[in-house]
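We count residues from 1, following the sequence as given. If you're wondering where the values come from, they're calculated on a predicted model, not measured in any experiment.
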Amino acid sequence: MVDKVVSLTPDQTVEEAMHVLETRQIRTAPVLDENNILLGMFGFETLLKEMLPVSVRMPSGLQRLGFVRGAKPDIARRLRKMKAQKLTDAMNRDPIVLSPDLSVWEGIRKLAKHGSPLPVVEHGTNRFLGIVTEQSAIAELERDEYASR
């Protein structure tokens with residue numbers, strides 16, 4: 001688990017959060033309140049999903065998108081409007097989370113299924129403890145290998 005992470009606050013705008021992500025060269029960050037409680041996750045993937053039409057985002061949605069070629073200006077306008085919104089309006093409020101007592105293998109399974117980063121939160125309080133990424137999971141496996149020698 002990585003416990004020193006870049007985080008965002010709910011009062012930041014989408015544009016401010018985008019700037020933080022771009023500057024720090026990360027794709028997703030936790031949104032935390034003043035008590036370090038996880039409110040959600042925000043990243044470029046979340047933003048992209050919010051900008052696209054619902055028919056494109058649906059699991060059984062459209063397979064061919066040729067008709068959307070003319071939709072680019074509409075999506076650009078949607079992005080411009082979203083940039084002024086607070087993160088609470090654009091973040092993923094229900095991210096997949098891990099508990100600190102989860103086994104490494106179960107964490108890896110969730111990473112493979114849901115992608116990364118995955119926040120680690122204290123059960124019951126939702127207090128943010130850190131994130132797990134593919135890189136941190138592989139580093140943990142390497143530590144285990146060296147320790148078993």
Side chains of [X] and [Y] in contact at under 4.5 Å (non-hydrogen atoms):
X	Y	result
Pro30	Leu8	no
Arg78	Lys81	no
Met91	Arg93	yes

Show, in sequence, the C-alpha distance, side-chain angles and deciding distance for Arg27 and Ser116, and conclude whether the side chain to side chain donor-acceptor pair (under 3.5 Å) test is met. CA-CA 10 Å; Arg27 18 168 229 226; Ser116 94; 3.0 Å; yes
Taking salt bridge (Lys or Arg N to Asp or Glu O under 4.0 Å) as the definition, give me every residue that meets it alongside Glu16, ordered by chain and number, with sequence neighbours left out.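 Partners of Glu16 by the salt bridge (Lys or Arg N to Asp or Glu O under 4.0 Å) criterion come out as none, since no residue qualifies.
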Apply side-chain contact (heavy atoms from CB on, under 4.5 Å) to the pair Leu87 and Val14, showing each step before the final yes or no. CA-CA 6 Å; Leu87 279 185; Val14 168; 4.3 Å; yes
Between Ile108 and Leu141, is a side-chain contact (heavy atoms from CB on, under 4.5 Å) present by the stated rule, with each step listed? CA-CA 10 Å; Ile108 289 171; Leu141 291 172; 3.5 Å; yes
If you measure from [atom1] on [X] to [atom2] on [Y], what distance do you get to the nearest 0.5 Å?
X	Y	atom1	atom2	result
Met41	Ile131	CE	CD1	6.5 Å
Gln85	Glu50	CD	CD	8.0 Å
Leu32	Arg127	CG	CZ	11.0 Å
Leu39	Asn92	CG	CG	12.0 Å
Asp3	Phe128	CG	CZ	9.0 Å
Asn36	Asn126	CG	CG	10.5 Å

For Thr125 and Glu122, test the side chains for any donor-to-acceptor distance below 3.5 angstrom and give the result as yes or no.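 Indeed, the side chains of Thr125 and Glu122 share at least one donor-acceptor pair under 3.5 Å.
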How is the hydrophobic cluster of Leu118 composed, in terms of its other members, when Ile, Leu, Val, Met, Phe, Trp and Tyr link through side-chain heavy atoms under 4.5 Å apart, directly or indirectly?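 Via sub-4.5 Å side-chain contacts, Leu118 links to Met1, Ile96, Leu98, Leu102, Leu111, Val120, Leu129, Val132.
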Take a 6.0 Å sphere around NE2 of His114 and say whether it holds more than 12 heavy atoms from other residues, nucleotides or ligands.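 Atom NE2 in His114 is packed in, count exceeds 12.
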Answer yes or no: are there more than 12 heavy-atom neighbours, outside Glu45 itself, under 6.0 Å from its atom CD?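 12 or below, so no.
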Would you name the heavy atoms of Val121 and Pro100 that are closest together and state the gap between them?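 In this case the closest contact between Val121 and Pro100 is O-CD, 3.3 Å.
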Closest approach of Pro10 and Val31, non-hydrogen atoms and distance?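 That would be N-CG1, 3.7 Å.
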Exactly one of Val20, Thr88, Leu47 should register a side-chain contact (heavy atoms from CB on, under 4.5 Å) with Phe42. Which one does?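 Exactly one pass, corresponding to Leu47.
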Leu48 with Phe44, same ILVMFWY side-chain cluster at under 4.5 Å: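 Yes: a chain of side-chain contacts under 4.5 Å links Leu48 to Phe44.
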Hydrophobic clustering (ILVMFWY, side-chain heavy atoms < 4.5 Å, transitive) - are Val2 and Leu38 grouped together?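 Both belong to a single hydrophobic cluster.
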Looking at Lys86 and Thr13, would you say the former's side chain and the latter's main chain have a donor-acceptor pair under 3.5 Å?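 Not at all, since once roles are kept as given, no pair shorter than 3.5 Å links the two residues.
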